[in-house]
Peer 1: 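My questions will all concern the structure given below.
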Amino acid sequence: MSDEPKRLAADHAVRMVAHNQIVGLGTGSTTRFAIEGLGRLLRDGLQIRGVATSVATSKMAADLGIPLLDLNDIERIDITIDGADEIDEKFNMIKGGGGALTREKLVALSSVRRVIIVDETKLVARLGSTRVLPVEVLPFSWARSVRLLKELGGNAQLRRDGDAPFLTDNGNYILDCRFDPIEDPPMLERQIKLLPGVVESGLFISIADTVVVGFENRVEVRERK
Ligand code: A5P
């Protein structure tokens, strides 16, 4: 599949950003197109400031001249544009394929409007049917987290980066959990959040407001009911 669906969804989403807004900047290959689009709008005179969800996004935004804010210095973000690994009909999502789930969730929850950009391969009937669920955990007790996640029905694997464990921007590990698929996403989200040692889960429940789905030559915009 070409990158065109991602690019079309991203281009559509950046047009939802208004002058002087604070924009949450997601992470991933789809969001890259949105950040590039915002860079172009900035050159055309649109004034925005961004809040980045990862070190990689922060670097990209800075290279494009997008001024960045620290989440601690603001009370709210006007609009966030981010991608997803999977999204179901109720707009529940799996995120964290790139390992940025914790900052992505914090930025999304600080935002008035959350716009998710995906291509049609991300649309699923049941979460967990095509992708694993990433869970960020403390390195100190990661093996115990594997056992606790197993009790919830998840087969968790420590994400690796070559020979070493993959490290998040927060210095933590990611456990990629296969659930085959997830029966009740809101319930599983609550159960995972209660496990000691878990920093954040990649289940995003009731967070997406608008979903822009990109196809080869068109987009479809869906609003949460
Ligand atoms: C980053 O950690 C993720 O949550 C991404 O937003 C998600 O994996 C989507 O990435 P792509 O746009 O690269 O598929």
Side-chain angles (χ1 to χ4, degrees), residues 1-14 23-38 50-61 71 77 79-88 91-111 114-124 127-137 157-161 165-178 182 185 189 192 198-216 219:
M1 183 190 264
S2 79
D3 276 343
E4 206 47 24
K6 292 182 181 185
R7 192 190 307 272
L8 286 178
D11 286 351
H12 191 91
V14 297
V23 186
L25 306 170
T27 295
S29 59
T30 315
T31 311
R32 284 187 74 82
F33 291 115
I35 300 170
E36 280 172 10
L38 289 170
V51 178
T53 53
S54 63
V55 172
T57 288
S58 192
K59 186 170 177 322
M60 185 179 176
L71 186 58
I77 293 168
I79 180 168
T80 282
I81 302 174
D82 203 351
D85 297 321
E86 281 187 346
I87 182 159
D88 71 13
F91 283 17
N92 295 321
M93 298 184 282
I94 286 183
K95 284 181 56 53
L101 59 143
T102 300
R103 294 189 191 189
E104 288 175 336
K105 196 177 278 188
L106 289 167
V107 165
L109 291 172
S110 307
S111 305
R114 284 77 62 115
V115 180
I116 299 300
I117 49 179
V118 290
D119 59 59
E120 61 177 321
T121 63
K122 308 292 184 60
L123 306 176
V124 295
L127 292 182
S129 43
T130 67
R131 300 294 291 265
V132 288
L133 172 67
V135 177
E136 182 164 349
V137 298
Q157 297 282 339
L158 181 63
R159 189 181 296 183
R160 297 202 162 266
D161 183 5
F166 172 90
L167 273 189
T168 69
D169 288 346
N170 312 308
N172 295 317
Y173 289 174
I174 296 281
L175 298 178
D176 287 314
C177 309
R178 186 159 298 288
I182 295 166
E189 164 70 348
I192 292 176
V198 164
V199 177
E200 193 49 82
S201 105
L203 277 171
F204 283 49
I205 309 297
S206 303
I207 287 184
D209 298 312
T210 303
V211 178
V212 183
V213 188
F215 298 86
E216 277 301 330
V219 297

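Both ligands and their constituent atoms are indexed starting at 1 by order of listing.
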Peer 1: As a test of reading the model: which residues have a non-hydrogen atom less than 4.0 Å away from ligand 1?
Peer 2: Thr27, Gly28, Ser29, Thr30, Asp82, Gly83, Ala84, Asp85, Lys95, Gly96, Gly97, Gly98, Gly99, Ala100, Glu104, Lys122
Peer 1: Residues two or more places apart in sequence or in another chain: which of them pass side chain to side chain contact (heavy atoms under 4.5 Å, CB included) with Arg32?
Peer 2: Met60
Peer 1: Can you find a heavy atom in the side chain of Val219 that is under 4.5 Å from one in the side chain of Asp11?
Peer 2: no
Peer 1: With a 4.5 Å cut-off on side-chain heavy atoms, are Ile77 and Leu71 touching?
Peer 2: yes
Peer 1: Does the distance from a Lys or Arg side-chain N to an Asp or Glu carboxylate O, for Glu86 and Arg131, drop under 4.0 Å?
Peer 2: no
Peer 1: Keeping to residues at least two apart or across chains, list the salt bridge (Lys or Arg N to Asp or Glu O under 4.0 Å) pairs with something in residues 50-60.
Peer 2: Lys59-Asp63
Peer 1: Among all residues two or more places apart in sequence or in another chain, which pass the side chain to side chain contact (heavy atoms under 4.5 Å, CB included) test with Ser206?
Peer 2: Arg224
